[in-house]
Structure formats: C-alpha cells, structure tokens
Peer 1: 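This structure is in structure tokens; I'll ask about it shortly.
If you're wondering where the values come from, they're calculated on a predicted model, not measured in any experiment. For reference, positions follow the sequence shown, starting with 1. Counting starts at 1 for both ligands and their atoms, in listed order.
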Amino acid sequence: MADRLSGTCRVPGDKSLSHRALILGGLAIGRTRVTGLLEGEDVLATAGAMRALGAGVTRQADGEWIVSGVGIGGLQEPDTLLDMGNSGTGARLVMGAVAGHDVTAFFTGDASLRRRPMARVTEPLSRMGAKVVAREGGRLPLALTGAAAPMPIIYASPVASAQVKSAILLAGLSAPGDTTVIEPLASRDHTENLLRHFGATVTSTPTNEGGRRITVTGQPELKAGDIVIPGDPSSAAFPAIAALLLPQSEITIEGVGINPLRAGLFETLHEMGANITFAKRRIAGGEPVADLVIRAGALKAVTVPAERAPSMIDEYPILAVAAAFAKGRTAMHGLAELRVKESDRLSAIAKGLSDCGVTVAIEGDTLIVEGKGGKVRGGAAVASALDHRIAMSFLMLGMAAEKPVTIDDGATIATSFPGFVALVNRLGGSIAPA
Ligand code: S3P
C-alpha cells in the first residue's frame, strides 16, 4: 500500500482523438501530422486497419505520426482480416468509414470485442446501403461490404453513443447531401470537431428533448491538417483518484483534455468535495486543455444523474472506487451502457468492490455504493475480464486500502495506458508484479 503520491506527470494521448486522427487523416487529401498520438494497442489496431485500407500511417523517430490520406472514396479493399483487438471504438468507426466505400472488409477482435454488440452500427450502416454478414446478435467476426452509392439518412439513435454517431457521420462523408444523427443525450463531439478542422461542414444543435442533432454534408474534400492530441482525461482519472484517496498527496497532471462532454467525472468529484483545480487552461489542437492539480482530502457521497453518464461513461469504475472511500451512500444512475463495454462493467465493479469488503447493490441500471468514510478493507484477487479500466481501478483501490489487491491480468492495461504502472510508481505508488 502506498503512502502518498506527489509530483508532476503527463498521461498518454487521448484514445478517442487518436483513433479519429488516424481515420480522418486516412480519409483526407494530403499528409496529416499527429503529435501526442496514444501508442496503446487499441490505437495501433486502428493504425493497422487504416494501413490495410490503403492509407499511409507511419511513426517518425521523434514520436510524431504521419498519415497520408487517400481521400474520401479512396479506401482500397484490405486483403487481410482487420483485427481490431480490444477496441470497440476502432471497430465501429472503421466500419463507418468502410461503409461508404465499395469494398469488402472482414472485422474481428479479441474475446472481449467479439462479445460486444455491433448491430447498433451495422443496422444504420445497412440503411445507408452497406451489406453486413455477422454472427448472431450482430457480433464479430463480421463481413462488411460498403455501398457503391451510399444514401444519406436521418437516424435517431436509441443510445447516446459517440461510436454510433461517428460511424454514421463517417459513412455520411461518402453520401450525397446531408446525413443526420439525433442522439438522446449529447455524447463526446471529437468527430465533429475534427471533421470541421479538416474542412467539412458539420452542424450541431440541441434538441427539445435534451439531446443533439448533428448533420454532416457529404462528399466534402477533407484537407489534411496537423493534429495535437491532449492527455486522455479517462487515463488521468486513475492517478487523480489515487491522489485524492492517499492522505497528504498532491500531484499535477499536465496537458489533460477537459472537453465538457468528457468532463463529467471532474464535475462529480467537485460535488464530492474533491480538491481538484484546472490550472493553465488553454486550447490545444482545437480542444480545451488544463493542468490538473489534485490534493488529497475526504470525499462525501453524491447522487450522479443519468444525464451525466455520456460525459463520464468510461469513468464509473474508478468513480465507484472513490465512492467506496467516501462518506455516505453514492447512487449512480443510467448505467445500462456499462453492461456492453470491454466487460460487463456493472457486474465487474460490483463483484470487485464486494470482494474488497464494500457493500454494493445494482438496482436496474443504478449502482449504489455504501461508502466507508475512510479506508476500504481490500485484500481481494480481482478478475479484470480483459478490461483495462477494471484492472486499473482495482489497482488504485488496492494502493489506498488496508490490504493489497491483486489483479489476474495486467496486460490489458496496455490497450489504453502504456506505462501506467511505471507512471503511478514514479509518483509514489506501490504497484508490484504479483
Ligand atoms: C468512445 C465512446 C464511448 C466510450 C469509448 C470511447 C469514442 O463509447 O465508452 O471508450 O471514442 O467514441 P460509446 O460511444 O459506445 O458510449
């Protein structure tokens, strides 16, 4: 168990933006230079897929990446399987890009990805003219033949998912006229921002029901442009919460993206009484960025409304850890989507916390955590279920608990946060090989 965390660090580049930089760079005309790309396995799988589709994707000696785009309509048929590894974002967004091209591609992934629902994207992509043959439940492996003449659609998505929205917008790039997605709650808008950065016309307006209506005008010429990727707020969340929980800690995480549609965790932590400040706020690469300064302190329970879920959808595992140490009962509403992430996160969080001596309940799609108002017992062996965020969350719990926690598989962390263990230990953490 660690004493306290202190010092300054930077977390790897934003995963969502990294996927999009490679895909949109591949669809643009010209060379896109990407600084700060996340070199995690998920993003490297997307790099491989874009290469197989004909884009030039190379890493320079200085760590910058160059994407040589083929232009919309220019993707070629891959002569090999597209193995998207663990990445739902990579799989679904690349499917969207392929759906607007007259080529056939075969998608697969690891055991976790092969369990995840793909019909949420293949169904609207089929309406645009793509043909899909998938396993039962629309699961991978699947074959997708893009439309020779894709049709623009207006699609009211039943889920607030940036992946669904992005897949349709990417296919819509090849269609004549306007393609529109209506989402029930606003999800992260990185695709829209980057499309505009590359010269496409994208409008986004609030709906009366609290969601958004996003329209892309098809067949633009995307012009390559440089992209600077900020640190991933979803990765920063792990050391940030460890610093809140370990008494006397004070850390700074530099250059973290604080896009409001990603910042729900920080809003929630502020409501819990956390001492987190955003220093040196600036715009970098079109996204708001700040240095996060985090100081340890007691947390109190909070109710997290369902409407906030899309802006912190990946942060519930680590928020649940914070809630376990907070004083009082925390209720997190609207978590149905957690069942279809890299693992069934609702079950994985509840099982892990309960094994660590915390009282938890799942009521419908609400997660309830009875906070200890102090140290959690810990002492469990937690199954990470091929889920990087479950693995990292319980390692953070173990550092602040009375007894250490072991996880069965740390390899999965490399999908999103290469160097995680070394970074946390440099700050004073205590993660050791089992
Ligand atoms: C992502 C969107 C979210 C998130 C995922 C990354 C993206 O998924 O969980 O880690 O980059 O678009 P959904 O859009 O399916 O909720």
Peer 1: Per the salt bridge (charged side-chain N to carboxylate O under 4.0 Å, His left out) rule, what does the pair list look like for residues 212-225, sequence neighbours excluded?
Peer 2: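 Sorted result for residues 212-225: empty, none.
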
Peer 1: Using modelled atom types only, decide if a donor and an acceptor are shared between the side chain of His333 and the backbone of Thr303 within a distance under 3.5 Å.
Peer 2: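 No; zero donor-acceptor contacts below 3.5 Å.
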
Peer 1: For ligand 1, does Arg20 get within less than 4.0 Å through its side chain, its backbone, both, or neither, judged by non-hydrogen atoms?
Peer 2: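 The answer is the side chain.
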
Peer 1: Which atoms of ligand 1 sit under 4.0 Å from any heavy atom of Ala162?
Peer 2: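 Those atoms are 12 (O), 14 (O).
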
Peer 1: Check this for me - ligand 1, Asp314, N or O atoms closer than 3.5 angstrom, yes or no?
Peer 2: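 Between Asp314 and ligand 1, an N or O pair is found under 3.5 Å apart.
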
Peer 1: Who passes salt bridge (Lys or Arg N to Asp or Glu O under 4.0 Å) against Arg135, sequence neighbours left out?
Peer 2: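 Here no residue qualifies.
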
Peer 1: So which bit of Lys341 gets within less than 4.0 Å of ligand 1, heavy atoms only: side chain, backbone, both or neither?
Peer 2: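 Lys341 to ligand 1: side-chain contact only, backbone stays beyond 4.0 Å.
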
Peer 1: Looking at Glu192 and Lys165, is any side-chain nitrogen of the basic one under 4.0 Å from a carboxylate oxygen of the acidic one?
Peer 2: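 Looking at Lys165 and Glu192, the cut-off is met.
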
Peer 1: Where on Arg188 is there a heavy atom closer than 4.0 Å to ligand 1, on the side chain, on the backbone, on both, or on neither?
Peer 2: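 Side chain only; the backbone of Arg188 stays clear of ligand 1.
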
Peer 1: Can you list the atoms of ligand 1 that are under 4.0 Å from a heavy atom of Ile313?
Peer 2: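 Per the distance check, 4 (C), 9 (O).
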
Peer 1: For Arg92 and ligand 1, does the shortest N/O to N/O distance drop below 3.5 Å?
Peer 2: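 No, since none of the N or O atoms of Arg92 sits under 3.5 Å from an N or O of ligand 1.
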
Peer 1: Within a 6.0 Å radius of atom CG on Asp62, are there more than 12 heavy atoms belonging to other residues, nucleotides or ligands?
Peer 2: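 Correct, the count exceeds 12.
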
Peer 1: Do me a favour and list the nearest non-hydrogen protein atom to atom 15 (O) of ligand 1 with residue, atom name and distance?
Peer 2: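 Of every protein heavy atom, Ser161 OG, 3.0 Å lies nearest to atom 15 (O) of ligand 1.
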
Peer 1: Could you check whether Ser384 and Asp408, counting side-chain N and O atoms only, form a donor-acceptor pair closer than 3.5 Å?
Peer 2: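 Looking only at side-chain atoms, Ser384 and Asp408 do form a donor-acceptor pair, the distance falling under 3.5 Å.
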
Peer 1: Could you list which atoms of ligand 1 come closer than 4.0 Å to a heavy atom of Thr89?
Peer 2: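 Close to Thr89: 1 (C), 5 (C), 6 (C), 7 (C), 11 (O).
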
Peer 1: Arg389 to ligand 1: N or O pair under 3.5 Å?
Peer 2: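 It does not: no N or O of Arg389 is found under 3.5 Å from an N or O of ligand 1.
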
Peer 1: Do Glu287 and Asn193 pair up side chain to side chain, a donor and an acceptor below 3.5 Å, judged on atom types alone?
Peer 2: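 A pair is found: one side chain offers a donor N or O, the other an acceptor, under 3.5 Å apart.
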
